[in-house]
Amino acid sequence: MTLMKFNIEQYFENLINYNIIFKNRDALNTSYIPDSLPHRDTQIKLLAQIFGVSLKNAQPSNVFIYGKTGTGKTAVVKFVTKKLINKFIDQKIESVPKWIYINCNEVRTSYRILATILNRLEPREKIPPTGFPRDILIEKLYNIMENQIKNSICFIILDEIDCLTDINSKNNILYILSRLNETIPSAKVCIIGISNLLDFKKDLDPRILSSLSEEEIVFPSYNAKEIYDILIERVSVAFIPNIVDDGALKLCSALAAEENGDARRALSILRKAAELVERRNLNKLNVEHIYEAKEILDLDTTVEFLKELPVQQKYILFSIYLNHKYNPDVPITTGLLYNTYCELINKGLGMNVLTPRRVTSLVKDLELAGIIRSDLISKGKPNGRTRYIYFLLSDKQIKKAFEKDPEFEDFLNYIPDTTKNKNYNYRDGMKFQTLI
DNA sequence: GATCCACAGGAAATTAAGGGTC
DNA sequence: GACCCTTAATTTCCTGTGGATC
């Protein structure tokens, strides 16, 4: 039997000339800002009222924006920003505000946010990611603000602000920024903080809170009907007519509404489903494609996350996985996990054994990522307090993530000694570590 | 009721790496 | 090259905890 060879030239030719389902593929990207944002009129109006005073060269209030993932926070801020800049240009107002957008999930420390702001305002400075004393950077910021923002306004948007690692330190970026307007009366700075956590402000210093929370806007989650309306608009921009089945859109909306009313999730599922339709040379997107897209996305997201884990965390995950696989009747306690972890590290490619304290922290991180679950259990004097750890992934996900990883592929079918010898305890783990 | 077990987990200290100034 | 600074990862130290045992 001869296999048909893939003809790449023909494939690209078909893609261009025959299988056309998209009008504007970009409209399905989460970063796309549409001409209208359904069900966000209230928030748009509020933000326009706050930002709008800048057209009269007055200083807008600082704003804190709250809402779960995919509720349109960033999209609304960018939407209002875009319209405001256009208004400045239309009106030929000279002092167009400066806009600095920073995602704190990517730029996580106060020092680096300071460096990013300085580099945006004065690209010739080229502030490095480490090295400068913080007070020097603050002084540079004051100088630049004084010289550049004199007759204008600078909007600083800190998205995912809850990801800042040093939010509780004395000199964090929010404190520095909150003092800017007091220190330099000639500079007008407006800070917009965006957070996924509704209770984010409860741990903030009261001085920062009073300065930065002048206005607050809450973005509620979308329901299925609202997500459906958003999808309808995007579909009309993204696809040629009659490609997407209405039932598929309703299903996509319902699935996303179940997951915290996340419109971004709905768009991701729809985009993946459209890719399946395009690759198969079909001309109709139906409910089966939505189900299939969701399954692929769920698998892909987890597998990609597992591949990107730090090596030590992969060893811990494998220790949990192997205990779950070969000793399903025995609860995985912290002590047992630590024994298995030590064994795997010593079988591996020369990593250092971490301390139990550090392993505990990494286990907690895995739990926060939703890969495992754990319960705190107290079993009295002979066995003390420990955690029961539960593995939440499938064999399929582990295999897909690690079958091509040279450090871990041999562990996929490895049976640890700790699953054979059930007489273990935490202290055995310590002996294990020091004896080998 | 006191003691003990096996940790949990907070806080501070340490270390290494990357980058700056003088 | 010595010294200073920041970040991120990790270790060390310490106190706290629920429930079985004494």
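Computed from a predicted structure; not experimentally measured. The chains referred to below are lettered A, B, ... by the order of the sequence lines, with proteins before strands, and numbering in each begins at 1.
In this structure, A/L376 atom CG and B/dC5 atom C1' are separated by 14 Å, rounded to whole Å. Between A/L137 atom CG and C/dT6 atom P the separation is 9 Å, expressed in whole Å. Rounding to whole angstrom units, OH of residue A/Y111 and P of C/dC4 are separated by 17 Å. The CD1 atom of A/I113 sits 14 Å away from the C1' atom of C/dT7 (whole-angstrom rounding). We find that CD1 of A/I136 is positioned 14 Å from P of C/dC4, with the value rounded to whole Å.
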For residues 298-312 of chain A, dump all side-chain donor-acceptor pairs below 3.5 Å to protein atoms at least two apart in sequence or in another chain.
residue	atom	partner	partner atom	Å
A/D298	OD1	A/R265	NH2	2.5
A/D298	OD2	A/K294	NZ	3.0
A/T301	OG1	A/L297	O	2.5
A/T302	OG1	A/D298	O	3.0
A/Q312	OE1	A/Y341	OH	2.6
A/Q312	NE2	A/N352	O	2.8

Solution key, residues 266-274 of chain A side-chain donor-acceptor pairs under 3.5 Å, sequence neighbours excluded:
residue	atom	partner	partner atom	Å
A/S268	OG	A/R264	O	3.1
A/R271	NH1	A/L28	O	2.9

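In this structure a side-chain-to-backbone donor-acceptor pair under 3.5 Å is missing from A/N260 to A/D262. Judged purely by atom type and a 3.5 angstrom limit, A/N223 has no side-chain atom pairing as donor or acceptor with the backbone of A/G261.
The residue A/I377 sits apart from the nucleic acid: no heavy atom pair falls under 4.0 Å. Nucleic acid contact class of A/R112 (heavy atoms, under 4.0 Å, all strands): sugar-phosphate only.
The side-chain contact (heavy atoms from CB on, under 4.5 Å) test with A/S319 is passed by exactly one of A/L336, A/I332, A/L344, A/N339: A/L344.
Here A/T334 does not reach the OP1 or OP2 of B/dA6: none of its side-chain N or O atoms lies under 4.0 Å away.
Residues that satisfy the side chain to side chain contact (heavy atoms under 4.5 Å, CB included) test with A/K379, not counting sequence neighbours, are A/I377, A/N383, A/Y388.
Within the structure, no pair that satisfies the side chain to side chain donor-acceptor pair (under 3.5 Å) test touches residues 81-91 of chain A, not counting sequence neighbours.
No more than 12 heavy atoms of other residues, nucleotides or ligands shown are found within 6.0 angstrom of CG on A/D35.
For the residue pair A/E160/A/S195, the side-chain donor-acceptor check at 3.5 Å is not satisfied.
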Once each nucleotide of nucleotides 17-22 of chain B is scored for protein heavy atoms under 4.0 Å, what B/S/- sequence comes out, 5' to 3'? -BBSS-
I need a per-nucleotide contact map over nucleotides 10-22 of chain C, read 5' to 3'. Cutoff is protein heavy atoms under 4.0 Å; write B for the base, S for backbone only, - otherwise. BBB----BBBBSS
